[in-house]
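Each remark here refers to the structure printed beneath this line.
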Amino acid sequence: MFSLPSKIEAILYLKGQPLSISEIAEIAKCERGQVKDALIELMSEYAHRHTALEVIETEKGYSLQLKATFAELIESLIQPELGVGALRTLAAIALKGGITQSELVDIRGSGVYQHVPELVTLGFVRKRRQKESRSYWLQVTDKFHQYFQLDQLPQQLSLDLNSLSHDEEE
């Protein structure tokens, strides 16, 4: 059987968000006092290990996280979330199946000039100079389809549509 500190470590890892002592006690099926003691032991163990992880107490509760010294590594490995504007620009490119940058500016506005380089850098959009004009041709990449799991979407939509039409018949 695992020790309570190990069980709490697993809970914090799996939840991936800060948890209060009460929440941990409920999940671990033990008393709050036992959780407090186990957290102190777990925090002490992490403080003395040479590891990238730590257990900390925040305003929202206790959490298992990477130590602050790894912030630069996190930034280099994890892609930032897209802002709403960039996401809408990406959606417009995807829905059109390819579009010139000048047409995209007409649809989305001048913010496109900031969004497109970001989307190209993240690998979601391919940008090519057109021979016959000064505008660029923009289209989504395979990474876009993989990232948003669009290969699974048509199957899910057809299942949803079938269930809707089936519900209407009943």
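Because only heavy atoms are used, hydrogens play no part in the values below, and waters and symmetry mates are left out as well, while side chains stay in.
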Do the side chains of Leu19 and Tyr62 get nearer than 4.5 Å, heavy atoms only?
-> no

Atom pair CD/OG of Glu41 and Ser3 - distance to nearest 0.5 Å = 6.5 Å

Nearest-0.5 Å distance that lies between atom OG in Ser6 and atom CD in Glu45 = 7.0 Å

Got a second to check how far Ile24's CD1 is from Leu39's CG, nearest 0.5 Å?
-> 4.5 Å

Got a donor-acceptor contact below 3.5 angstrom from the Glu118 side chain to the His115 backbone?
-> no

NZ (Lys67) and CD1 (Ile56) are apart, to the nearest 0.5 Å, by 12.0 Å

Start with the C-alpha distance between Glu103 and Thr100, add both sets of side-chain angles, then the distance that settles side chain to side chain donor-acceptor pair (under 3.5 Å), and finish with yes or no.
-> CA-CA 5 Å; Glu103 290 173 317; Thr100 62; 3.0 Å; yes

Take Glu23 and Lys15 through the side chain to side chain contact (heavy atoms under 4.5 Å, CB included) test and state the conclusion after the steps.
-> CA-CA 11 Å; Glu23 290 170 318; Lys15 281 298 198 173; over 6 Å; no

Can you establish whether the number of heavy atoms outside Glu59 located under 6.0 Å from its atom CD is more than 12?
-> no

Same apolar cluster (I L V M F W Y, side chains within < 4.5 Å links), Leu87/Val125 | yes

Ser133 and Gln130: side chain donor to acceptor below 3.5 Å | yes

Leu53 reachable from Tyr13 in the ILVMFWY side-chain graph, under 4.5 Å edges | yes

Output yes when a side-chain donor or acceptor of Ser135 lies under 3.5 Å from a complementary backbone atom of Ser102, and no otherwise.
-> yes

Pair Ser63-Gln17, side chain to side chain contact (heavy atoms under 4.5 Å, CB included): steps then yes or no | CA-CA 6 Å; Ser63 146; Gln17 64 186 21; over 6 Å; no

Could you tell me whether the side chain of Val116 reaches within less than 4.5 Å of the side chain of Lys127, counting heavy atoms only?
-> yes

Identify whether NZ of Lys or CZ of Arg in Lys7 sits under 6.0 Å from the centre of the six-membered ring of Phe2 and within 45° of that ring's axis.
-> no

Under a 4.5 Å cut-off applied to non-hydrogen side-chain atoms, are Arg126 and Val120 in contact?
-> no

Ignoring hydrogens and angles, tell me if any N or O in the side chain of Thr89 forms a donor-acceptor pair with the backbone of Gly85 under 3.5 Å.
-> yes

Hey, are the side chains of Trp137 and Arg129 touching, using non-hydrogen atoms and a 4.5 Å cut-off?
-> no

To the nearest 0.5 Å, what is the distance between CD (Glu54) and CD (Gln65)?
-> 5.0 Å

Do other residues, nucleotides or ligands put more than 12 heavy atoms under 6.0 Å from Arg49 CZ?
-> yes

Out of curiosity, Ile93 CD1 to Arg108 CZ, how far, rounded to the nearest 0.5 Å?
-> 9.5 Å

Does the side chain of Leu82 reach to within under 4.5 Å of the side chain of Leu119, using non-hydrogen atoms?
-> yes

Is any side-chain heavy atom of Leu90 less than 4.5 Å from a side-chain heavy atom of Phe144?
-> yes

Taking the side chain as every heavy atom from C-beta outward, state whether Ile107 and Lys96 have any atom pair closer than 4.5 Å.
-> yes

Is Leu4 close to Cys30 at the side-chain level, that is, under 4.5 Å between some pair of heavy atoms?
-> yes

Any idea which heavy atoms bring Ile11 and Ala28 closest together, and the distance?
-> CD1-CB, 3.8 Å

Going only through I, L, V, M, F, W and Y residues with side-chain contacts under 4.5 Å, is there a path from Leu14 to Val35?
-> yes

